[in-house]
Amino acid sequence: VAQNIRTARWAKANPAEATRYIARDSGSAEELVPFKYSPNVVNALEPSLDENLIGYLEDQKNFLVREGFLRNDFAIADFVAHGPVRAARALVDLEERSVAA
């Protein structure tokens, strides 16, 4: 998780190069990346457990239960673990402060 955060922050600081990598990895033309994903794609890569994103996950889970892809329902709150993301973010923040000092 920490490496994903580091990479996302690098992408945010290097949007042109990050867009080239996204284009290459997705088999898209570079100029199509903002249309294919989002004009803000390089700013949205950092792992997050934002309540809106958790809501989208719950919508997906509800669809899968309703359509029979999942046999049993469950509470998303029991499924989402905030600890690893918080710990990884704290680690990367500490690394960044150490480099800046």
Side-chain angles (χ1 to χ4, degrees):
V1 176
Q3 187 57 43
N4 286 343
I5 292 170
R6 287 183 200 100
T7 302
R9 290 182 183 181
W10 173 88
K12 193 173 185 177
N14 301 278
E17 194 171 354
T19 299
R20 279 193 293 281
Y21 280 116
I22 293 168
R24 185 196 69 196
D25 291 349
S26 66
S28 300
E30 207 172 306
E31 59 273 7
L32 296 179
V33 168
F35 300 103
K36 188 172 182 178
Y37 298 100
S38 161
N40 202 26
V41 67
V42 298
N43 295 315
L45 297 173
E46 188 165 328
S48 168
L49 293 176
D50 175 87
E51 290 302 316
N52 288 330
L53 296 176
I54 293 171
Y56 296 142
L57 181 61
E58 180 142 27
D59 290 346
Q60 250 185 341
K61 184 265 308 182
N62 290 340
F63 168 79
L64 294 171
V65 169
R66 188 175 56 249
E67 297 300 318
F69 291 100
L70 295 175
R71 290 185 186 168
N72 300 308
D73 200 356
F74 58 93
I76 286 292
D78 295 340
F79 180 74
V80 176
H82 292 268
V85 174
R86 283 188 194 124
R89 187 167 285 126
L91 174 67
V92 174
D93 289 346
L94 180 63
E95 291 169 354
E96 289 175 348
R97 284 193 300 274
S98 295
V99 169

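Note that these values count all heavy atoms, side chains included, but never hydrogens, waters or copies made by symmetry.
- Atom CG of Leu64 and atom CG of Asp73 lie 10.5 Å apart (nearest 0.5 Å).
- Geometrically, Lys61 does not engage Phe79 in a cation-pi contact defined by less than 6.0 Å to the ring centre and at most 45° from the axis.
- More than 12 heavy-atom neighbours from other residues, nucleotides or ligands sit within 6.0 angstrom of CZ on Phe74.
- Using modelled atom types, no side-chain atom of Lys36 and backbone atom of Ser28 make a donor-acceptor pair closer than 3.5 Å.
- Counting heavy atoms from C-beta outward, Arg6 and Leu91 have side chains that approach closer than 4.5 Å.
- Residue Pro47 comes nearest to Arg89 through the heavy atom pair O-NH2, 2.6 Å, listed as atom of the first residue, atom of the second, then distance.
- A distance of 11.0 Å separates CD of Glu31 from OG1 of Thr19, quoted to the nearest 0.5 Å.
- With rounding to the nearest 0.5 angstrom, the CD atom of Gln60 is 9.0 Å from the CD1 atom of Ile76.
- The other members of the hydrophobic cluster of Leu45, by chain and number, are Ile22, Val33, Tyr37, Val41, Val42 (side-chain heavy atoms under 4.5 Å, ILVMFWY only).
- No option in Leu57, Leu49, Asp50 other than Asp50 meets the side chain to side chain contact (heavy atoms under 4.5 Å, CB included) test with Leu53.
- Val65 places none of its side-chain heavy atoms less than 4.5 Å from the side chain of Asn62.
- Annotation: the span from Ser48 atom OG to Ile54 atom CD1 amounts to 7.5 Å, rounded to 0.5 Å.
- The line from CG of Asn52 to OH of Tyr56 is 5.5 Å long, rounded to the nearest 0.5 Å.
- Ion pairing between a basic and an acidic side chain is recognised when a charged N comes within 4.0 Å of a carboxylate O; Arg9 and Asp93 show such pairing.
- Among Glu46, Glu95, Glu96, the single residue meeting the side chain to side chain contact (heavy atoms under 4.5 Å, CB included) criterion with Ile5 is Glu46.
- In this structure, the separation between CD on Glu58 and CZ on Phe63 is 15.5 Å, given to the nearest 0.5 Å.
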